[in-house]
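The figures that follow rest on heavy atoms only: side chains count, while hydrogens, waters and symmetry mates do not. So you know, we letter chains A, B, ... as the sequences are listed, proteins then strands, and number each from 1.
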2 protein chains.
Amino acid sequence: MTKNGKISDAVIRRLPKYYRYLGDLLKNGINRVSSNELSKLTGFTASQIRQDLNNFGGFGQQGYGYDAKNLRDEIGKIMGINNNYQVIIVGAGNIGQAVANYAGFYEEGFEVKALFDKNPKLMGLKIRDLEIKDIDDLPEYLREVHVDIGVICTPKEVSQNVANILISNGIRAIWNFAPTDIKVSENIAIENVHMNESLYTLAYYYKNKKEIN
Amino acid sequence: MTKNGKISDAVIRRLPKYYRYLGDLLKNGINRVSSNELSKLTGFTASQIRQDLNNFGGFGQQGYGYDAKNLRDEIGKIMGINNNYQVIIVGAGNIGQAVANYAGFYEEGFEVKALFDKNPKLMGLKIRDLEIKDIDDLPEYLREVHVDIGVICTPKEVSQNVANILISNGIRAIWNFAPTDIKVSENIAIENVHMNESLYTLAYYYKNKKEIN
DNA sequence: TAGATTGTTAATCGATTAACAATC
DNA sequence: TAGATTGTTAATCGATTAACAATC
């Protein structure tokens, strides 16, 4: 925790990992876990894990450790998992369709309500019972239906423009798959996924490990 | 640069961003750029940019700045972009197909050579002229064909197992889309994409910005 | 030459790790 | 109670930022 009381991004990005490994433990019938055991699973140090968790409160018990179920629930609450989010996807190409089809999200409260595209060939096509709608109808749709998260799966040339449309119609969270950094104001949540940067990073390490070995 | 001479992961992950923005500049006919201008584009400080670049050599010129074309080429060389990588995808579901279809990668030297799946219904189906092959034929395929990068798009239950098969048949770079942390030995390059963690992080920030506003 | 901007060293800041008293 | 393990403070480490001499 920094002095202004805000929790650092690095901490936030470790929370999903704790959440996931705790889920694995529970599935295996383990309902008690120490920071040391979590360390072995996650690869983070026990000290760091305790520090991270204590940003949000004392979830453990001295001499015992953490109750896995309770800790997982608490982390879920902190992150807002299972809160039920209304999601729309803009761009119904490969990535848009893959996101729409990814069942895992539905189980955790992320509900895709609609897909939009500008390609007339896709219009009316159904993905998971959802008809692909015309992107021109997007502003009107947003005026009528509450949407929490807008997923951008368009080409990069129009991604910022799409984001602007989403935001000016009330959306406050954007998950961006276009290979650009979408710029938003302070009050909007954004995640730029950047698969391409991930691939380049992989290529770098591949190249360099080869040179070493 | 740390004292052992290894360049930190944080630096490596900024390189693709430099590469991309330099490409944008060139496309706009701009072929000279200062660290200060790059700072405005990327959001990193000019000082950090100069530090980052000087891990790899002095690409700039005092009083002038950087030649955009040259700098982009150098960064491309450092990361190994355009080196031509032979890629296979294991798991030909939504994500696997989306990756296979993503044209951007082809332009940058990443060439998908084959898709594998265990679902008999998908067998023989064609994605971008590539027939989906039986996963049972994977080891034999790898003995015959050189592959640089294995992309894992399977369910999480089998992802580690698939990684082991890939590695034991000579693959040294893995791009993992399954929501797990695949464990590999030191000499193997791995990128765990973790879209689910990205989504949870988005949910966290969305929730917290709402509370603040 | 004067002005601009790099390359690089030094200072600062924040994140991680270590240590240990508190306590279950 | 003794042993275990947290919560938390202090120490360390590394990454970022600031500053400026070098130089184009």
Side-chain angles (χ1 to χ4, degrees), chain A residues 1-18 21-22 25 30-75 78 201 204, chain B residues 1-18 21-22 25 30-75 78 201 204:
Chain A
M1 194 134 88
T2 53
K3 58 190 144 194
N4 62 21
K6 252 192 77 195
I7 291 152
S8 85
D9 187 61
V11 174
I12 303 308
R13 285 179 194 282
R14 283 191 292 269
L15 295 181
K17 222 149 240 161
Y18 298 138
Y21 280 106
L22 288 165
L25 289 173
I30 297 161
N31 35 43
R32 171 184 163 180
V33 66
S34 69
S35 58
N36 198 41
E37 288 160 337
L38 274 176
S39 167
K40 275 169 202 151
L41 291 171
T42 59
F44 309 138
T45 64
S47 190
Q48 181 169 62
I49 292 168
R50 294 201 300 280
Q51 288 270 29
D52 282 355
L53 298 176
N54 279 90
N55 282 315
F56 304 98
F59 302 125
Q61 201 167 47
Q62 280 101 330
Y64 175 88
Y66 300 87
D67 180 87
K69 170 87 170 68
N70 173 253
L71 183 56
R72 184 167 182 271
D73 288 350
E74 291 289 350
I75 293 173
I78 292 162
T201 304
Y204 172 85
Chain B
M1 194 134 85
T2 54
K3 58 191 140 189
N4 62 21
K6 250 193 77 193
I7 291 153
S8 85
D9 187 63
V11 174
I12 304 307
R13 286 176 194 284
R14 283 191 291 268
L15 295 182
K17 220 149 242 156
Y18 299 138
Y21 280 106
L22 287 165
L25 288 173
I30 296 161
N31 35 41
R32 171 184 162 179
V33 66
S34 69
S35 57
N36 197 42
E37 288 161 336
L38 273 175
S39 168
K40 274 171 201 147
L41 291 171
T42 59
F44 309 137
T45 64
S47 191
Q48 181 167 63
I49 292 167
R50 293 200 301 278
Q51 288 270 28
D52 283 355
L53 298 177
N54 278 91
N55 283 314
F56 303 97
F59 302 126
Q61 202 167 47
Q62 282 101 327
Y64 177 88
Y66 301 87
D67 180 88
K69 170 87 170 65
N70 174 252
L71 183 56
R72 184 168 183 269
D73 287 350
E74 291 289 349
I75 294 173
I78 291 162
T201 303
Y204 171 85

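Here the side chains of A:Arg14 and A:Gln48 are in contact, with some heavy-atom distance below 4.5 Å. For the pair B:Phe59/B:Ile75, no side-chain contact is recorded, criterion being any heavy-atom separation below 4.5 Å from C-beta on.
Note: CG (B:Asp67) to P (C:dT6) measures 13 Å, nearest angstrom. Atom OH in A:Tyr18 sits roughly 12 Å away from atom P in D:dT6 (whole-Å rounding). Taking atom CG of residue B:Leu53 and atom C1' of nucleotide D:dT16, one finds them 15 Å apart after rounding to whole Å. Between A:Asn36 atom CG and D:dG7 atom P the separation is 14 Å, expressed in whole Å. Nucleotide C:dT5 holds its C1' atom 13 Å from the CD1 atom of B:Ile49, rounded to whole Å. We find that CZ of B:Arg13 is positioned 13 Å from P of D:dT16, with the value rounded to whole Å. Rounded to a whole Å, the CG atom of A:Asn54 is 14 Å from the P atom of C:dT23. Rounded to whole angstrom, the span from the CD atom of A:Gln62 across to the C1' atom of C:dA21 amounts to 10 Å.
Evaluation of atom-type donor-acceptor distances gives no pair under 3.5 Å for the side chain of A:Gln61 against the base of D:dT5. Side-chain atoms of A:Gln51 and base atoms of C:dT16 include no donor and acceptor less than 3.5 Å apart. Put simply, the side chain of A:Glu37 and the base of D:dT5 share no donor and acceptor less than 3.5 Å apart.
The residue among A:Tyr64 and A:Thr45 whose nearest nucleotide of DNA chain C lies closer to the 5′ end is A:Thr45. Both A:Gln48 and A:Gly63 lie close to DNA chain C; mapped to their nearest nucleotides by heavy-atom distance, the more 5′-ward contact belongs to A:Gln48.
If you check C:dG14 for Watson-Crick or wobble pairing at under 3.5 angstrom, you find it paired to D:dC13. Pair assignment for D:dA4 gives C:dT23, based on Watson-Crick or G-U wobble hydrogen-bonding distances that are each under 3.5 Å.
Distances from the side chain of A:Tyr66 to the nucleotides D:dT16, C:dG7, D:dT6 place D:dT6 closest. With C:dA22, C:dA19, C:dT5 as the candidates, the nucleotide lying closest to the side chain of B:Arg32 is C:dT5. Counting only heavy atoms from C-beta on, B:Arg50 has its side chain closest to C:dT8 among D:dC24, D:dG7, C:dT8. Checking D:dT8, D:dT16, D:dA19 against every side-chain atom of B:Arg14, the shortest atom distance belongs to D:dT16. Each of D:dT17, C:dA15, D:dC24 was ranked by its minimum atom distance to the side chain of A:Ser8; first place goes to C:dA15.
The ring pair (Phe, Tyr, Trp, His ring centres under 6.0 Å) check on A:Tyr66 picks up nothing, with sequence neighbours excluded.
Under 4.0 angstrom from either OP1 or OP2 of D:dT16 there lies no side-chain N or O belonging to B:Ser47.
For the pair A:Arg72 and A:Tyr18, the cation-pi criterion (under 6.0 Å, within 45° of the ring axis) is not fulfilled.
Heavy-atom minimum distance, B:Arg13 versus B:Asp9: NE-OD2, 2.7 Å.
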Between B:Leu71 and B:Leu38, does a side chain to side chain contact (heavy atoms under 4.5 Å, CB included) hold up when you go through it step by step? CA-CA 12 Å; B:Leu71 183 56; B:Leu38 273 175; 4.3 Å; yes
